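Please read the structure below before turning to the comments.
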Amino acid sequence: MAEQVPTYKLASGYSMPLIGFGIWKVPRETCADQVYNAIKLGYRHIDGAWDYTNSKEAGEGVRRAIDDGIVKREDLFITTKLWNNYHKREHAFEMAKLELEAWGIGYFDLFLIHFPISLKFIPFEEIRWPCFWTDKEQTKVTPLAKVPISETWKALEDMVQTKENPSGFVRSIGVSNFSAQLLYDVLSYAKVPISALQIEHHPYLTQPKLVKLAQENNILVTGYSSFGPQSFIELNNSDAINAKPLFEVDVVKSIAEKHGKTPSQVLLRWSTQRNIAVIPKSNNVDRLKQNLESATFSLSDDEVNQISNLNQGLRFNEPDAFGFRIFA
């Protein structure tokens with residue numbers, strides 16, 4: 001199954017599968033089993049983050065798959081992300097090493113700055129979900145910290161393993177939720193290339209100019225929330241609740257019927273056919289398999305354009321709820 005998944009050669013020289021298993025909102029209680037089963041099914045790319053709070057369990061699933069001989073470590077591509085409270089150099093290193101210890105996998109294939117915003121440091125032992133945008137008491141929003149992105153990016157560069165830096169524990173680095181302006185900023189001083197940009201990307205939010213800028217600079221775009229409002233309904237997001245599910249949109253349904261595929265497969269293929277990686281999750285084995293098989297057919301240019309024309313600029317992941325107008 002893994003051989004059916006297309007890959008992309010990053011600016012770092014390493015290859016990344018364009019279809020991964022995202023572990024956002026995967027419960028700790030089931031995360032190890034879900035990651036293990038995803039790998040057993042053929043997934044080779046696992047997308048995690050510090051603030052998902054399930055890194056330890058995800059690592060257990062990965063190590064079990066390795067111990068059972070399903071894969072070798074080098075067969076896998078593991079992504080994680082630096083959270084906002086740890087942008088200062090020393091905190092970035094400490095968080096990265098704690099995250100690596102939790103996963104227990106030796107190195108990360110890709111390490112991203114999760115959001116382009118620095119918040120006041122919260123001691124690691126005091127972090128409690130969902131306090132990541134708030135103080136440890138979960139009563140007020142965490143204040144900003146005066147840490148420039150250039151300092152954080154330099155910290156990531158110093159984590160990269162090279163001949164000159166054999167103690168490094170990261171292979172590729174990148175950013176997440178960055179605007180075009182911020183990409184230009186990092187590109188102006190980056191000594192290690194930006195390998196990836198992870199953004200919200202679905203037919204209701206296509207961000208074509210940002211995608212084009214990234215791809216022109218050999219930055220692989222990974223789209224999260226490929227199914228649009230689906231991931232945010234359970235978070236009581238009013239925009240998501242009021243939006244028509246993409247699975248039920250006539251254009252998506254008719255294209256799926258024409259190809260004998262599911263709407264979810266069409267939505268994923270719409271991305272990967274344009275060299276945009278996807279990281280869907282599912283608790284259902286059949287849907288996991290369908291997602292992994294979504295690159296086994298091709299859409300016509302007209303079908304791609306029909307889906308792209310659904311764009312409404314509708315964003316569901318909006319930190320504005322906490323007073324941080326990142327996407328203003």
Side-chain angles (χ1 to χ4, degrees), residues 2 5-24 35 38-39 43-52 54-55 58-59 61-62 71-83 86-87 92-93 95-116 149 152-162 165 168-178 182-183 186-187 190-201 211 214-215 217-224 226 271-272 275-281:
V5 177
T7 61
Y8 184 92
K9 190 172 184 180
L10 301 174
S12 62
Y14 294 98
S15 292
M16 175 175 140
L18 288 184
I19 303 173
F21 179 64
I23 61 171
W24 178 46
V35 168
I39 294 172
Y43 284 84
R44 297 295 178 262
H45 174 193
I46 309 296
D47 181 89
W50 169 271
D51 86 308
Y52 300 168
N54 54 10
S55 299
V62 168
V71 289
K72 298 178 181 177
R73 172 62 184 94
E74 56 267 28
D75 297 328
L76 298 173
F77 192 99
I78 309 296
T79 298
T80 194
K81 309 173 190 78
L82 178 75
W83 189 244
Y86 311 116
H87 278 205
F93 265 88
M95 195 224 86
K97 290 177 178 177
L98 287 171
E99 179 78 341
L100 187 65
E101 181 182 343
W103 279 85
I105 54 173
Y107 61 89
F108 289 120
D109 296 277
L110 180 62
F111 193 55
L112 306 176
I113 300 175
H114 204 151
F115 278 95
I149 289 174
T152 309
W153 182 258
K154 180 61 167 61
L156 263 63
E157 289 187 329
D158 290 343
M159 297 176 192
V160 176
Q161 186 178 59
T162 62
N165 184 28
F169 49 90
V170 172
R171 287 189 166 182
S172 307
I173 55 177
V175 296
S176 178
N177 297 302
F178 272 47
L182 289 173
L183 281 186
V186 178
L187 286 167
K191 295 180 180 179
V192 175
I194 307 171
S195 283
L197 165 68
Q198 188 170 128
I199 56 173
E200 182 179 347
H201 179 78
V211 170
Q215 293 181 338
N217 286 277
N218 194 25
I219 300 170
L220 175 66
V221 175
T222 298
Y224 64 78
S226 296
S271 289
T272 59
N275 274 332
I276 295 175
V278 293
I279 47 174
K281 77 171 181 70

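As the structure is a prediction and not an experimental result, all values here were calculated from the model.
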Checklist entry - What orientation do W50 and Y86 show, parallel under 30°, tilted 30 to 60°, or perpendicular over 60°? => result perpendicular
If you look at every heavy atom in [X] and [Y], which pair is closest and at what distance?
X: S226; Y: V278; value: OG-CG1, 3.5 Å
X: P17; Y: V5; value: CB-CG1, 4.0 Å
X: F169; Y: A96; value: CE1-CB, 3.7 Å
X: G48; Y: I23; value: CA-CG1, 3.6 Å
X: L110; Y: A196; value: CD2-CB, 3.9 Å
X: A49; Y: H114; value: CB-CE1, 3.7 Å

Item to check | Step-by-step side chain to side chain contact (heavy atoms under 4.5 Å, CB included) determination, F21 to V35 | outcome: CA-CA 8 Å; F21 179 64; V35 168; 4.2 Å; yes
Checklist outcome for this item: The side-chain hydrogen bond (donor to acceptor under 3.5 Å, both in side chains) partners of Q198 (sequence neighbours excluded) come to D47
Do the side chains of [Y] and [X] get nearer than 4.5 Å, heavy atoms only?
X: M95; Y: E99; result: yes
X: T7; Y: L18; result: no
X: M16; Y: L220; result: yes
X: V221; Y: H201; result: no
X: V170; Y: L156; result: no
X: I173; Y: V192; result: yes
X: I276; Y: Q215; result: yes
X: Y224; Y: N177; result: yes

Checklist entry - Is NZ or CZ of R73 both nearer than 6.0 Å to the six-membered ring centre of Y107 and within 45° of the ring axis? => result yes
How long is the span from the [atom1] atom in [X] to the [atom2] atom in [Y], to the nearest 0.5 Å?
X: I46; Y: I78; atom1: CD1; atom2: CD1; result: 5.5 Å
X: W83; Y: D51; atom1: CH2; atom2: CG; result: 4.0 Å
X: S176; Y: L82; atom1: OG; atom2: CG; result: 11.0 Å
X: F178; Y: I113; atom1: CZ; atom2: CD1; result: 4.5 Å
X: F77; Y: R171; atom1: CZ; atom2: CZ; result: 9.5 Å
X: Y43; Y: I39; atom1: OH; atom2: CD1; result: 12.0 Å

Got a donor-acceptor contact below 3.5 angstrom from the [X] side chain to the [Y] backbone?
X: K81; Y: F111; result: no
X: N165; Y: V160; result: yes
X: D75; Y: K72; result: yes

Checklist entry - So, S12 and S172: side-chain donor and acceptor under 3.5 Å apart, yes or no? => result yes
Next on the checklist: Pair W153, V175 - check side chain to side chain contact (heavy atoms under 4.5 Å, CB included), show working.
Outcome noted: CA-CA 9 Å; W153 182 258; V175 296; 3.9 Å; yes
Item to check | Criterion side chain to side chain contact (heavy atoms under 4.5 Å, CB included) on L76 and V62, from CA distance to verdict | outcome: CA-CA 9 Å; L76 298 173; V62 168; 3.6 Å; yes
Next on the checklist: Checking H45 against I19 for the side chain to side chain contact (heavy atoms under 4.5 Å, CB included) test, could you report, in this order, the C-alpha distance in whole Å, the side-chain angles of both residues, the deciding distance, and whether it holds?
Outcome noted: CA-CA 7 Å; H45 174 193; I19 303 173; over 6 Å; no
Next on the checklist: Tell me whether Q161 at atom CD has more than 12 heavy atoms from other residues, nucleotides or ligands lying less than 6.0 Å away.
Outcome noted: yes
